[in-house]
Amino acid sequence: MSGTPTCFDLEIVDKVAHLRMIRPERLNSMIPAFWRELPELVDRVSDEALARVLVLSAEGRHFCAGMDLGVFTGDGGVGSGSPPAPDARQQAVMRDHVLHLQESLTRLERARVPVIAAVQGACVGGGLDLVTSCDFRYATEDAFFCIQEINIGIVADVGTLQRLPRLIPEGVVRELAYSGRRLGAARALQVGLVNGVFPDHGAMMAEVGTIAAEIAEKSPLAILGTKASLNYGRDHTVADGLDFIATWQAGMMDPADMAEAFTAKSERRTPVYPDLPPVRRSL
């Protein structure tokens, strides 16, 4: 990445990468720079094997207010002036733009490490798209989630409607998607959107740090296979998933990691595993 990121700060300590959104004065809204920086930073952590787990959090009172309002009300933005006449070619460009935004968040799913979201305050619109792309989520008591798009007359299009029904009951998804109601932290825990609710940001981040450290101690190759298998199984039949993991194990199970796990246990120490090699994306 050239230059200092506008929307994020990345810190890596003890194999845990902490990616923070750093625009609290604008409620960490998603400006154009967000969509460039997020995939670049996630890919860097994943491809260069800089860490074994990624924590996504935000500074300020609110986690993320979604797409920056200027996208919708600025010159030429959606909702500015009279509606233009339909233009099929421009609509094709719009489709490509939406696919680009989707891909930016899908990088979190494709990352070779688990991604944990820590949410306080508002997590609405694109913010909900963002956290549903993560492996799992924690929240503070004041957190709330909202499919905000329906409240401004559009359809959510960056992942919430596709991922949320795989995380919580479909009836709850439809209630939220049609009404634009807020889902509070207590109910989010009840329906399974978040794994835990904490009284404040400090308590939440302490627990996130604990679970991230536990994950970082595991074999990164085994974690990679586990995440790949879970993601594959979500979108395929049980039979397909069983076949996938059988093939994975045949090619990528490392007996040395298993031996190290048993040895470390007998010696009452933390196992030490080699990092994944960097990903080569060019010749």
Side-chain angles (χ1 to χ4, degrees), residues 7-8 20-35 37-38 56-74 76-80 83 94-95 97-109 115 117-134 136-194 197 201:
C7 301
F8 296 95
R20 298 180 183 88
M21 292 185 280
I22 55 171
R23 298 178 64 250
E25 72 284 355
R26 295 299 301 272
L27 307 183
N28 297 304
S29 57
M30 296 161 147
I31 60 176
F34 175 98
W35 300 98
E37 294 171 3
L38 177 69
L56 177 64
S57 71
E59 295 180 355
R61 181 179 176 185
H62 296 291
F63 178 79
C64 181
M67 195 77 75
D68 187 81
L69 192 59
V71 174
F72 300 99
T73 59
V78 177
S80 61
M94 175 62 177
R95 179 179 184 275
H97 178 63
V98 172
L99 290 173
H100 169 71
L101 300 182
Q102 293 173 354
E103 173 62 21
S104 295
L105 300 190
T106 298
R107 300 293 182 87
L108 294 165
E109 283 187 340
V115 182
V119 179
Q120 79 279 5
C123 179
V124 304
L128 186 53
D129 293 316
L130 177 63
V131 300
T132 55
S133 302
C134 299
F136 55 98
R137 295 143 293 277
Y138 293 104
T140 56
E141 290 178 352
D142 68 346
F144 63 90
F145 306 85
C146 177
I147 303 177
Q148 180 66 9
E149 290 85 349
I150 198 66
N151 294 326
I152 58 173
I154 61 174
V155 179
D157 57 7
V158 192
T160 289
L161 299 183
Q162 291 68 42
R163 294 186 174 101
L164 196 57
R166 289 165 168 78
L167 299 173
I168 67 176
E170 184 172 338
V172 179
V173 176
R174 289 175 181 266
E175 172 193 320
L176 299 173
Y178 298 152
S179 71
R181 288 181 175 182
R182 294 180 176 184
L183 178 72
R187 193 178 181 208
L189 177 63
Q190 181 184 40
V191 299
L193 179 58
V194 299
V197 174
H201 189 266

Q) Is the shortest heavy-atom distance from the side chain of C146 to the side chain of N151 under 4.5 Å? A) yes
dist L105:CG -> H100:NE2 (nearest 0.5 Å) comes out at 10.0 Å
Q) Going by heavy atoms in the side chains, are L38 and M21 under 4.5 Å from each other? A) no
In this structure, CZ of R181 is separated from CD of E175 (nearest 0.5 Å) by 5.5 Å
_Sub-4.5 Å side-chain heavy-atom contact between N28 and F34_ = no
Evaluation steps, side chain to side chain contact (heavy atoms under 4.5 Å, CB included), between D129 and L101:
CA-CA 10 Å; D129 293 316; L101 300 182; over 6 Å; no
Report the C-alpha separation of R23 and E59 in whole Å, then their side-chain angles, then the decisive distance to 0.1 Å, and conclude whether the salt bridge (charged side-chain N to carboxylate O under 4.0 Å, His left out) test is met. CA-CA 7 Å; R23 298 178 64 250; E59 295 180 355; over 6 Å; no
Correct closest heavy-atom pair for V115 and C134 would be O-CB, 3.6 Å
Check your understanding: Side chain of Q148, backbone of M67: donor and acceptor closer than 3.5 Å?
Key -> no
Separation between CZ (F63) and CG (L128), nearest 0.5 Å, reads 10.0 Å
**Q.** Criterion side chain to side chain contact (heavy atoms under 4.5 Å, CB included) on R163 and E109, from CA distance to verdict
**A.** CA-CA 11 Å; R163 294 186 174 101; E109 283 187 340; 2.7 Å; yes
CG of L176 to CD1 of I168, rounded to nearest 0.5 Å, is 5.5 Å
Rounding to 0.5 Å, atoms CG (L183) and CD1 (I147) come to a distance of 9.0 Å
Taking the side chain from Q120 and the backbone from E141, do they hold a donor-acceptor pair closer than 3.5 Å? no
field: More than 12 heavy atoms from other groups under 6.0 Å of CZ on R20
entry: yes
message = Do V194 and V131 make a side-chain contact, defined as non-hydrogen atoms from C-beta onward lying under 4.5 Å apart?
response = no
*asked:* Quick one: does any side-chain atom of D68 pair with a main-chain N or O of S29 as donor and acceptor, under 3.5 Å?
replied: no
Smallest heavy-atom separation, G127 atom then C64 atom, equals CA-SG, 3.8 Å
* **Worked verdict on V158 versus W35 for side chain to side chain contact (heavy atoms under 4.5 Å, CB included)** => CA-CA 12 Å; V158 192; W35 300 98; 4.2 Å; yes
- With the side chain counted from C-beta on, respond yes when L130 and M30 share a heavy-atom pair under 4.5 Å apart, and no when they do not. yes
d(S133 OG, L56 CG) to nearest 0.5 Å is 10.0 Å
Q) When you measure from the side chain of R137 to the backbone N and O of L193, does any donor-acceptor pair fall under 3.5 Å? A) yes
Checklist line | V98 vs M94 side-chain heavy atoms within contact, under 4.5 Å | finding: yes
Heavy-atom nearest pair, R166 first then Q162, reads NH1-O, 2.9 Å
Side chain E37, main chain C7, donor-acceptor under 3.5 Å: yes
Query raised in the report: When the ring planes of H62 and F144 are compared, do they come out parallel, tilted or perpendicular, using 30° and 60° as the limits?
Result: perpendicular
